[in-house]
Number of protein chains: 2
Amino acid sequence: MKIKKKEIEQRMKHFETVCRDEGIKLTHQRIEIFREIAQSGDHPNAEQVFQRTRNRIPTVSLDTIYRTLWLLNDHGLVKTLGASRERNRFDANLNSHHHFVCGDCGFTRDFYSNDLDKIRLPDSVDSYGEIEATHVEVRGVCRKCVEKRR
Amino acid sequence: MKIKKKEIEQRMKHFETVCRDEGIKLTHQRIEIFREIAQSGDHPNAEQVFQRTRNRIPTVSLDTIYRTLWLLNDHGLVKTLGASRERNRFDANLNSHHHFVCGDCGFTRDFYSNDLDKIRLPDSVDSYGEIEATHVEVRGVCRKCVEKRR
DNA sequence: TTTAATGCAAAAGATTTGCAACATG
DNA sequence: CATGTTGCAAATCTTTTGCATTAAA
């Protein structure tokens, strides 16, 4: 999936606006790092962003990639797939179920729903490959963390 | 959320059956490691499984935890949350969208659906905290990997 | 010019591996 | 008893941090 030129330009513009508003300096590195993610339809990890950004800025360093990615994340300019800054977690529940995950502390709980289990996917998904399982991930803030934020 | 005694026993039984069928030795360590995951409603990471298993087997080592977790995963006895054995990935698409992820190679693509965006969650979810976003994750095998498997 | 960001190198953290001792089937 | 599994220690891989230099506003 290629991202349309117009969409990329919009993302870049939004990025620049947010940076200006929040007093984040628009460095050469940050612009190119953000561009790499904004223009890619896959969802690269830090190492991949590093390799791709090096094509444009050969002297960029990996730690700048990390610092920038989390900065962008903290300001809502990018999101992580799965739970953020988390280690791999394991689940022995083999029944069809869904997850609620707290973005602050990682608190995770299962929930069940017959309605959700019947979800119909758009045909376009089939074109990506064979589907094995579908599950809903709800991100939010758990009760404890809601308290803490006050 | 506490897992019911009966459910835990069922999971343990299934675990033992699969191990016997597949010629995996039922060691003290494996049994206790699996039990820890089977009886927990949160979804522990390797370190947490390690700490909890040490209560029962003080001499267990962290590398046995890792080896066992991936063994269980390979035999379908546990699943990982999010994409398995993957590093953090970043996404600059801030529009409401969903993901298809290949379990073999990590290939990931966005897809859109107005129907899915309207998903209604069961009330029980609200009791966990405040909901910020809901998205569907489809796991499967991408076209390339389907080819490779033949 | 002031302040924040970068690159480097080193530290810290997480996961994996080789191998001798040991336990399971 | 044979083989696969464990624990240890060391290696590897990933991410973060301190600090002097550099660049943005």
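Numbers restart at 1 for each chain; the letters A, B, ... are given by sequence-line order, proteins then strands. Model, not experiment: these values are computed from the prediction.
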inquiry  = Looking at Arg30(B) and Lys25(B), would you say the former's side chain and the latter's main chain have a donor-acceptor pair under 3.5 Å?
reply    = yes
task = Between dT16(D), dA14(C), dT6(D), spot the one nearest the side chain of Arg87(A), thanks.
result = dA14(C)
query = So what does Arg67(A) hit on the nucleic acid, given a heavy-atom distance under 4.0 Å: a base, only sugar-phosphate, or nothing?
reply = base
query = Base, sugar-phosphate, or nothing for Arg20(A), non-hydrogen atoms under 4.0 angstrom?
reply = nothing
ask   = Of His98(A), His135(A), His99(A), which meets ring pair (Phe, Tyr, Trp, His ring centres under 6.0 Å) against Phe111(A)?
value = His98(A)
request  = Tell me whether the OP1 or OP2 atom of dG7(C) has a side-chain N or O from Gln29(A) closer than 4.0 Å.
outcome  = yes
message = Looking at Arg30(B), I'd like to know whether one of its side-chain N or O atoms comes within less than 4.0 Å of OP1 or OP2 on dT6(D).
response = yes
query = Quick one, which residues of residues 21-28 of chain A touch DNA chain C with a heavy atom under 4.0 Å?
reply = Lys25(A), Thr27(A)
inquiry  = How many whole angstroms separate atom CG of Leu71(B) from atom P of dT24(C)?
reply    = 16 Å
ask   = To the nearest Å, how far apart are Ile31(B) CD1 and dA23(C) P?
value = 15 Å
task = Enter the distance from Phe100(B):CZ to Glu137(B):CD here, rounded to the nearest 0.5 Å.
result = 10.5 Å
ask   = Is the closest basic N to carboxylate O distance between Arg52(B) and Asp42(B) below 4.0 Å?
value = yes
